[in-house]
Trainee: 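One structure, pasted below without further comment.
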Amino acid sequence: MMTDYKHTLNLPNTPFPMRGDLAKREPGMLQEWENRQIYQQLRTHAQGRPKFILHDGPPYANGAIHIGHAVNKILKDIIVKSKTLSGFDAPYVPGWDCHGLPIELKVEEKLGKAGDKVDAFVFRKACREYAAEQIDLQRKDFKRLGVLGDWENPYLTMAFQTEADIVRALGRIATNGHLHKGAKPVHWCTDCGSALAEAEVEYADKTSFSIDVRFTVADEAEWLQRLPEAAGQGELSVVIWTTTPWTLPANQAVALNPTLDYVVVQTLSERLLVAEALLASVLQRAEMTEHTVLARCTGDKLEGLLLQHPFYARQVPVILGDHVTTEAGTGAVHTAPGHGQEDFVVGLKYGLPVDNPVGGDGCFLPNTELFAGESVHKANPHVLEVLTERGKLLKAEKLRHSYPHCWRHKTPLIFRATPQWFISLEQNGLRKQALEAIQGVKWIPDWGKARIEGMVQNRPDWCISRQRNWGVPIALFIHKETGELHPQTAALIEAVAQRIEQEGIDAWFRLTPEELLGKDAVDYDKVGDTLDVWFDSGVTHAAVLERRADLRFPADVYLEGSDQHRGWFQSSLLSAIGTRGEAPYRTVLTHGFTVDGKGEKMSKSKGNIVAPQKVTDSLGADILRLWVASTDYSREMSVSDEILKRTADAYRRIRNTARFLLANLNDFDPATDLVAAADMLPLDRWAVDQAAQVQDKVLAAYDNFHFHLIAQEVLNFCTVELGSLFLDITKDRQYTMQAGSRGRRSAQTAAWHILNAMVRWLYPVLSFTAEEIWQSLPGEKSQDFVLFTQWYDGLFRLDEADKLSAGEWSYVFALRELISKQLEDVRVAGQIGAGLDAEVVIYYRQVGVEVNHDPLLKLGEELRFVLITSGVHLHDVVDVPEDAVEVLDQVFVRVVRSKHGKCTRCWHHREDVGSHAQHPELCGRCIENIEGTGEVRQYA
RNA sequence: GGGUCUAUAGCUCAGUUGGUCAGAGCGCACCCCUGAUAAGGGUGAGGCCGGUGGUUCAAAUCCACCUAGACCCA
């Protein structure tokens with residue numbers, strides 16, 4: 001009998017599932033989108049809109065994607081999608097970086113070295129195939145994340161067209177006068193037999209010899225002229241300290257700091273010159289206790305004096321350099337321009353020879369006196385032996401320190417001067433232009449500017465040569481005698497590029513100089529080096545942005561991890577300046593690295609790695625996307641199981657809010673049931689107003705790329721304004737009023753507007769869920785997918801004409817919260833269970849207050865619906881009884897258990913329950929809703 | 001060692017130019033509901049704002065140093 005009336009209620013109902021089951025259902029949705037070709041359709045839709053170009057930084061085509069890749073692509077996707085909803089034509093062309101050493105090494109593992117066990121052409125073909133496989137694997141994972149893009153037509157740096165354009169870009173840099181051939185010390189891996197880019201160098205601990213060596217003065221008389229007090233007994237030597245004994249054969253000078261104080265000390269048998277600040281540590285190391293300081297002077301007094309090389313018959317000068325410090329050593333620096341960057345620079349200043357006695361295999365060249373043929377790594381003890389024999393070794397120890405290693409082989413690198421191609425930062429003002437261009441770019445966060453500025457300011461010339469097989473060739477011809485570029489270089493480059501367009505980079509390796517140069521061929525060499533892969537990806541602004549019809553130069557946004565200030569941001573900037581004098585991007589966004597819950601780097605050994613594939617296969621891509629969106633990406637991004645669990649909690653709340661809204665729109669058809677804004681009930685107008693405010697914040701946050709604020713904002717809205725207030729309060733109206741009544745349709749109209757707005761807020765982040773909601777949204781839709789729409793414009797704000805102002809609502813809800821506390825006290829005391837068991841009496845100042853200015857009086861009888869209690873009674877404060885609680889200044893509340901019977905239909909306790917013979921269990925309001933013309937609501 | 005950053009409740013984040021700024025949501029505990037139910041509502045307990053010194057009438061908010069962490073470089 002009690003359940004008889006349940007069928008007279010309009011209970012929520014929806015096929016939209018409470019649980020997302022994302023891991024299971026997302027793949028099906030992806031398939032559907034792919035079948036429908038939504039990316040291609042979107043391009044048609046967006047045609048003619050203003051363009052927004054986000055240029056993809058290409059991941060390297062090797063290995064499974066990790067969480068950092070996922071973060072990067074998801075952030076890009078959020079931007080592209082939000083810009084689409086903002087009315088832009090925002091294409092997304094993903095790319096891959098395909099050439100280079102890591103792929104070559106993978107292929108070497110299978111085939112052996114090119115030119116050794118396998119023909120170079122076969123080898124390159126294998127590299128190409130390997131890269132293509134890797135791309136397929138990565139693409140599959142990227143798509144699974146819900147990232148929308150032109151996946152069937154991505155850009156690849158190994159595409160023939162792109163390879164050709166890379167060569168053309170090199171040509172432009174050459175013709176613009178930035179190319180430079182030089183012998184410079186570069187990081188050299190003896191295992192690779194190649195120079196390494198800075199990005200290919202890793203630092204790791206290594207134990208080295210640490211030796212102090214005597215450089216005895218060549219002509220003591222000359223020294224004493226400058227420094228008469230240095231007269232004494234025994235040989236006079238300058239002491240140098242080095243951790244690379246094998247570089248001594250290439251020594252060309254000893255550097256002192258011009259402003260540091262140096263002393264000559266007399267020991268038992270000799271005189272030594274070192275920096276005063278380091279004297280104590282040197283003597284201690286050499287175990288010399290007896291000493292007297294004979295002389296003292298600054299380094300600049302000694303410039304140009306000659307020293308005897310410790311084992312070769314040559315004299316080397318004392319030179320000056322600010323790079324000499326007192327951090328370690330002796331304050332006198334052994335200088336071998338062929339083996340060190342700083343040595344090279346200072347050597348340039350003094351015109352020192354760049355002697356490089358070491359071959360590409362890491363062995364001393366055959367003409368090297370004493371050490372011919374020895375490997376540098378093994379020659380150290382021999383050098384020590386020679387030094388000892390000649391009495392030049394003051395002290396030898398072992399030292400553990402951080403030392404550069406090859407990122408692939410993990411072997412220690414050497415610095416070795418070799419002929420290399422460089423993009424010069426100075427020769428034609430590239431550095432200056434780049435620094436100027438940096439000023440015109442917007443860097444987000446703003447410290448990105450200082451970071452790249454500092455790096456560009458200080459970086460050395462860009463060494464673009466690699467002695468490798470799988471790379472775009474440095475397609476140049478140089479004169480055999482003079483080393484000059486061929487005068488027709490521009491035309492030659494274009495001719496080569498055209499061949500590469502047809503056949504790929506093999507075209508260059510197959511080419512004989514005669515084919516292009518004719519008779520000149522005898523005088524010219526074909527350069528055999530390949531390009532640094534950073535050059536490949538760096539010039540995609542030309543090979544991709546300019547080349548593709550759907551894109552354009554410059555891009556609006558580049559977005560990568562903070563490591564790319566040295567990498568892609570910089571290689572792109574330098575190459576764009578070098579080719580066309582303009583930055584390739586207007587805005588550069590940076591995201592931090594992903595770290596674990598403790599803020600520490602992820603590593604296999606720590607076991608704290610979060611794999612994106614694992615997340616999508618368990619929680620779903622939308623959870624991963626929501627995590628990305630909830631995290632402030634401008635700093636380190638923490639992920640852990642707990643964090644993902646919290647994210648999944650937030651997701652469920654958002655999903656269920658949407659589900660409940662849908663469930664209440666079960667019988668709603670906007671075409672016939674939509675209530676005009678002006679006719680909606682005040683509470684419903686308030687809810688739409690709140691949504692409008694949220695939308696303002698959400699759109700601003702998308703605009704400023706502050707996605708984590710969106711996640712917070714939307715969740716708060718779902719929880720507070722909707723869950724706690726609007727949805728809870730309107731349940732009564734939704735369920736108990738006549739289905740087609742204005743009161744109910746008004747609430748549904750608000751829900752419909754809110755859902756329409758919300759589904760779009762969510763779409764850039766929760767793409768799967770948003771589309772799912774969209775499919776369930778009632779009414780004829782203008783578009784099949786959220787993606788094809790734009791931000792919802794059906795929201796509105798409260799205005800002066802509203803019966804209750806925004807401020808009045810705020811007051812009512814603040815009071816409601818205070819009354820909730822009172823209800824809770826009574827509930828805990830066991831007097832009531834649900835709020836509907838209670839009635840509330842409010843005592844406050846009423847005398848002299850106009851009804852029009854009193855929100856409580858205006859709401860009147862309907863206040864009980866706002867408070868979700870069975871009754872509300874308003875009295876003037878003069879009548880306040882003893883047991884009322886003052887919740888606000890001069891506002892007292894008393895909560896009592898209702899003494900009336902409970903209506904079995906609406907659950908309110910009402911005096912009139914039982915007064916109707918036909919329906920003894922119902923209140924009058926319910927009877928009116930069942931049999932009459934239906935109740936009318938004014939406010940809530 | 002140098003450069004660029006970060007450090008607010010268990011978690012994710014707000015805290016504009018220093019003065020109700022110690023906040024929100026989640027989680028947690030407890031209560032209620034059973035007509036959003038592997039849901040929903042309510043109440044509550046959690047932070048000396050990484051640490052130490054300064055500047056100031058006043059600092060989470062400015063300065064210095066330290067600690068921990070991240071990226072880049074040597």
Side-chain angles (χ1 to χ4, degrees), chain A residues 3 5-7 9-14 16 18-19 198-199 201 203 325 327-328 341-342 401-404 445 447-455 457-459 561-567 570 590-601 626-627 629-632 634-638 640-650 652-653 655-664 706 708-709 711-720 723-725 727-729 731-732 734-736 817 819-830 832-837 868 905-907:
Chain A
T3 53
Y5 295 104
K6 195 157 170 176
H7 70 276
L9 294 168
N10 310 296
L11 293 178
N13 184 24
T14 176
F16 187 89
M18 181 138 74
R19 301 194 58 209
E198 295 186 43
V201 177
Y203 285 79
T325 67
E327 268 168 36
Q341 181 61 32
E342 285 173 333
H401 62 156
S402 174
Y403 189 86
W447 49 257
K449 183 180 166 196
R451 196 171 151 110
I452 195 166
E453 226 170 3
M455 287 174 175
Q457 195 80 257
N458 295 316
R459 70 160 294 153
S562 56
D563 56 335
Q564 299 303 330
H565 285 109
R566 176 151 297 266
Q570 205 177 130
T590 310
H591 62 256
F593 272 59
T594 40
V595 293
D596 70 9
K598 294 196 216 91
E600 290 182 19
K601 182 193 327 211
L626 184 56
W627 164 69
S630 313
T631 306
D632 179 356
S634 70
R635 42 198 187 206
E636 287 89 62
M637 303 176 70
S638 286
S640 66
D641 286 343
E642 188 194 352
I643 291 167
L644 287 171
K645 192 169 179 300
R646 292 290 89 82
T647 307
D649 287 338
R652 288 211 317 272
R653 181 66 199 224
R655 184 182 178 90
N656 269 314
T657 302
R659 176 174 183 264
F660 190 55
L661 287 164
L662 287 171
N664 281 321
H706 289 154
H708 65 288
L709 300 182
Q712 299 251 329
E713 197 61 49
V714 173
L715 184 62
N716 268 25
F717 181 63
C718 286
T719 303
V720 181
S724 183
L725 297 175
L727 294 176
D728 209 25
I729 293 169
K731 268 193 230 175
D732 182 85
Q734 290 279 11
Y735 299 174
T736 68
E817 199 176 324
I819 290 170
S820 284
K821 292 185 207 297
Q822 298 306 310
L823 283 165
E824 184 64 16
D825 285 349
V826 178
R827 180 178 297 128
V828 171
I832 61 166
L836 287 176
D837 295 339
I868 317 184
R905 185 172 177 274
C906 73
W907 295 347

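Letters A, B, ... are given to chains in the order of the sequence lines, protein chains preceding strands, and every chain is numbered from 1.
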Trainee: Can you tell me how far P in B:G44 sits from the matching atom in B:G23, rounded to whole Å?
Mentor: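 Taking atom P in both B:G44 and B:G23, they lie 14 Å apart.
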
Trainee: Taking A:N716 for the side chain and A:E713 for the main chain, is one N or O donor matched with an acceptor at less than 3.5 Å?
Mentor: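 No; judged by distance alone, with no hydrogens or angles, the pair does not exist.
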
Trainee: With a 4.5 Å heavy-atom cut-off, do A:R653 and A:T657 have their side chains touching?
Mentor: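 Counting from C-beta outward, A:R653 and A:T657 do come under 4.5 Å.
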
Trainee: Considering only B:G42, B:C71, B:A36, which nucleotide approaches the side chain of A:S724 most closely?
Mentor: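 Closest nucleotide among those given: B:G42.
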
Trainee: Do A:T594 and A:T631 make a side-chain contact, defined as non-hydrogen atoms from C-beta onward lying under 4.5 Å apart?
Mentor: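 A side-chain contact under 4.5 Å is absent here.
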
Trainee: Taking B:U55 as the reference, what is the distance to B:G19 when you measure between their C1' atoms (whole Å, please)?
Mentor: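 Pairwise C1' distance, B:G19 against B:U55, rounds to 16 Å.
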
Trainee: Return yes when atom CG of A:D728 has more than 12 non-hydrogen atoms of other residues, nucleotides or ligands closer than 6.0 Å, and no otherwise.
Mentor: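 Counting neighbours around CG of A:D728, more than 12 heavy atoms of other residues, nucleotides or ligands fall under 6.0 Å, so yes.
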
Trainee: From the set B:G40, B:C13, B:G35, return the single nucleotide nearest to any side-chain atom of A:W907.
Mentor: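 Looking only at side-chain atoms, A:W907 lies closest to B:G35.
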
Trainee: Rounded to the Å, how far apart are A:R905 CZ and B:G35 P?
Mentor: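 Result: 14 Å.
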
Trainee: Indicate, with a heavy-atom threshold strictly under 4.0 Å, whether A:I643 touches base, sugar-phosphate, or nothing.
Mentor: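 Sugar-phosphate contact only.
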
Trainee: For B:G69, take OP1 and OP2 only and decide whether either is under 4.0 Å from a side-chain N or O of A:K601.
Mentor: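 Checking A:K601 against B:G69: no side-chain N or O falls below 4.0 Å of OP1 or OP2.
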
Trainee: Determine which nucleotide pairs with B:U37, using a 3.5 Å limit on both distances of a Watson-Crick or G-U wobble pair.
Mentor: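 Paired with B:U37, as far as the under-3.5 Å criterion goes, is no nucleotide at all.
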
Trainee: The side chain of A:N656 lies closest to which of these nucleotides: B:A70, B:A39, B:C72?
Mentor: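 Nearest to the side-chain atoms of A:N656, counting from C-beta on, is B:A39.
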
Trainee: C1' atom, B:U16 versus B:C33: distance in rounded Å?
Mentor: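 Result for the C1' pair: 42 Å, nearest Å.
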
Trainee: Return no unless some side-chain N or O of A:R635 is found under 4.0 Å from OP1 or OP2 of B:A7.
Mentor: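 Looking at the OP1 and OP2 atoms of B:A7, one of them is under 4.0 Å from a side-chain N or O of A:R635.
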
Trainee: Indicate, with a heavy-atom threshold strictly under 4.0 Å, whether A:K731 touches base, sugar-phosphate, or nothing.
Mentor: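 A:K731: base contact, heavy atoms under 4.0 Å.
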
Trainee: Atom CD of A:E636 to atom P of B:U12: distance rounded to whole Å?
Mentor: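 One finds 12 Å between P of B:U12 and CD of A:E636, rounded.
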
Trainee: Supply the atom-to-atom distance A:L725 CG to A:E817 CD, rounded to the nearest 0.5 angstrom.
Mentor: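 Answer for the CG-CD pair, A:L725 versus A:E817, is 9.0 Å.
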
Trainee: Would you mind reading off the distance between A:Q457 atom CD and B:C72 atom P, rounded to a whole angstrom?
Mentor: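 In whole Å, B:C72 P lies 21 Å from A:Q457 CD.
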
Trainee: Using a 4.0 Å cut-off on protein heavy atoms (strictly under), produce a 5'-to-3' string for nucleotides 22-32 of chain B with B for base contact, S for backbone-only sugar-phosphate contact, and - for none.
Mentor: --BSBS---BS

Trainee: Measure CG/A:L727 against C1'/B:A39 and give the value in whole Å, please.
Mentor: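 From A:L727 CG to B:A39 C1': 13 Å.
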
Trainee: Of the nucleotides B:U37, B:A70, B:G41, which one has an atom closest to the side chain of A:M18?
Mentor: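 Closest of the options to the side chain of A:M18: B:U37.
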
Trainee: For A:H708 and B:A14, is the shortest distance between a side-chain N/O and OP1 or OP2 below 4.0 Å?
Mentor: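 It does, given that an N or O in the side chain of A:H708 lies less than 4.0 Å from OP1 or OP2 of B:A14.
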
Trainee: Please give the distance between the C1' atoms of B:C62 and B:A39 as a whole number of Å.
Mentor: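 Straight-line distance between the two C1' atoms is 49 Å.
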
Trainee: Kindly point out which of B:C71, B:G40, B:U12 is positioned nearest to the side chain of A:T631?
Mentor: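 Minimum distance to the A:T631 side chain belongs to B:U12.
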
Trainee: Just so I know, are the side chains of A:R659 and A:N656 near enough to count as touching, which here means a heavy-atom distance under 4.5 Å?
Mentor: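 Yes - at least one pair of side-chain heavy atoms lies under 4.5 Å apart.
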
Trainee: Using a strict cut-off of less than 4.0 Å between a Lys/Arg side-chain nitrogen and an Asp/Glu carboxylate oxygen, indicate whether A:E824 and A:R827 qualify as a salt bridge.
Mentor: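 Yes, charged N to carboxylate O under 4.0 Å.
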
Trainee: Give me the distance, rounded to whole Å, that separates B:A74 from B:U17 when you measure between the P atoms they each carry.
Mentor: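 Looking at atom P only, B:A74 and B:U17 are 36 Å apart.
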
Trainee: When only distance counts, do a donor and an acceptor, one from the side chain of A:R451 and one from the base of B:C71, lie under 3.5 Å apart?
Mentor: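 By the distance-only test, yes, there is a pair.
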
Trainee: Please give, in whole Å, the distance from B:U12 P to A:D596 CG?
Mentor: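 That distance rounds to 11 Å.
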
Trainee: Rounded to whole angstrom, note down the C1' distance from B:A60 over to B:C49.
Mentor: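 Roughly 4 Å separates the two C1' atoms.
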
Trainee: To the nearest Å, how far apart are A:I868 CD1 and B:C33 P?
Mentor: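 The distance from CD1 of A:I868 to P of B:C33 comes to 15 Å, rounded to the nearest Å.
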
Trainee: Taking all non-hydrogen atoms of both residues, which atom of A:I643 and which atom of A:G597 are closest, and how far apart?
Mentor: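 What the structure gives for the nearest pair is CD1-CA, 4.5 Å.
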
Trainee: With A:P445, which residues qualify under side-chain contact (heavy atoms from CB on, under 4.5 Å), at least two apart?
Mentor: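 With sequence neighbours excluded, A:P445 shows a side-chain contact (heavy atoms from CB on, under 4.5 Å) to A:W447, A:T590, A:S634, given in chain and number order.
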
Trainee: Using Watson-Crick or G-U wobble geometry with both distances under 3.5 Å, which nucleotide pairs with B:U52?
Mentor: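 B:U52 is paired with B:A64.
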
Trainee: When the P atoms of B:G15 and B:C21 are compared, how many Å lie between them, rounded to an integer?
Mentor: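 Per the computed distance, 14 Å lies between those P atoms.
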
Trainee: Taking only side-chain N and O atoms of A:Y5, does any of them lie within less than 4.0 angstrom of OP1 or OP2 on B:G35?
Mentor: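 No, A:Y5 has no side-chain N/O under 4.0 Å of OP1/OP2 on B:G35.
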
Trainee: What distance do A:D632 atom CG and A:M637 atom CE have between them, rounded to the nearest 0.5 Å?
Mentor: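 It comes to 8.5 Å.
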
Trainee: Provide the Watson-Crick or G-U wobble partner of B:A14, both distances under 3.5 Å; none if there is no partner.
Mentor: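 Per the H-bond distance test, none.
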
Trainee: If we take the C1' atom in both B:U12 and B:A7, what is their distance in whole Å?
Mentor: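 15 Å, rounded to whole Å.
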
Trainee: Can you tell me how far P of B:U8 sits from CG of A:D632, to the nearest Å?
Mentor: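 One finds 12 Å between P of B:U8 and CG of A:D632, rounded.
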
Trainee: Which nucleotide, in any strand shown, forms a Watson-Crick or G-U wobble pair with B:A59, with both distances under 3.5 Å?
Mentor: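 Across any shown strand, B:A59 pairs with none.
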
Trainee: Who does B:A45 pair with, Watson-Crick or G-U, both distances under 3.5 Å?
Mentor: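 Partner of B:A45: none.
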
Trainee: Taking any heavy-atom pair under 4.0 Å as a contact, classify A:G599: base, sugar-phosphate, or nothing.
Mentor: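 Sugar-phosphate contact only.
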
Trainee: Quick check on RNA chain B: between A:G454 and A:S638, whose nearest nucleotide comes earlier from the 5' end?
Mentor: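 Per heavy-atom nearest nucleotide, the more 5' residue is A:G454.
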
Trainee: Given B:C72, B:U37, B:C13, identify the nucleotide with an atom nearest to the side chain of A:R659.
Mentor: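 Minimum distance to the A:R659 side chain belongs to B:U37.
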
Trainee: Select from A:R19 and A:L709 the residue whose nearest nucleotide in RNA chain B is closer to the 5' end of that strand.
Mentor: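 Nearer the 5' end of the strand: A:L709.
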
Trainee: Between A:L11 (CG) and B:U34 (P), how many Å, whole number?
Mentor: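 Answer to the nearest Å: 14 Å.
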
Trainee: Hey, are the side chains of A:N664 and A:P12 touching, using non-hydrogen atoms and a 4.5 Å cut-off?
Mentor: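 They are in side-chain contact.
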
Trainee: Glycosidic conformation of B:G46, syn or anti, with 90° from 0 as the boundary?
Mentor: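 Here B:G46 takes the syn form, which means its glycosidic angle is within 90° of 0.
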
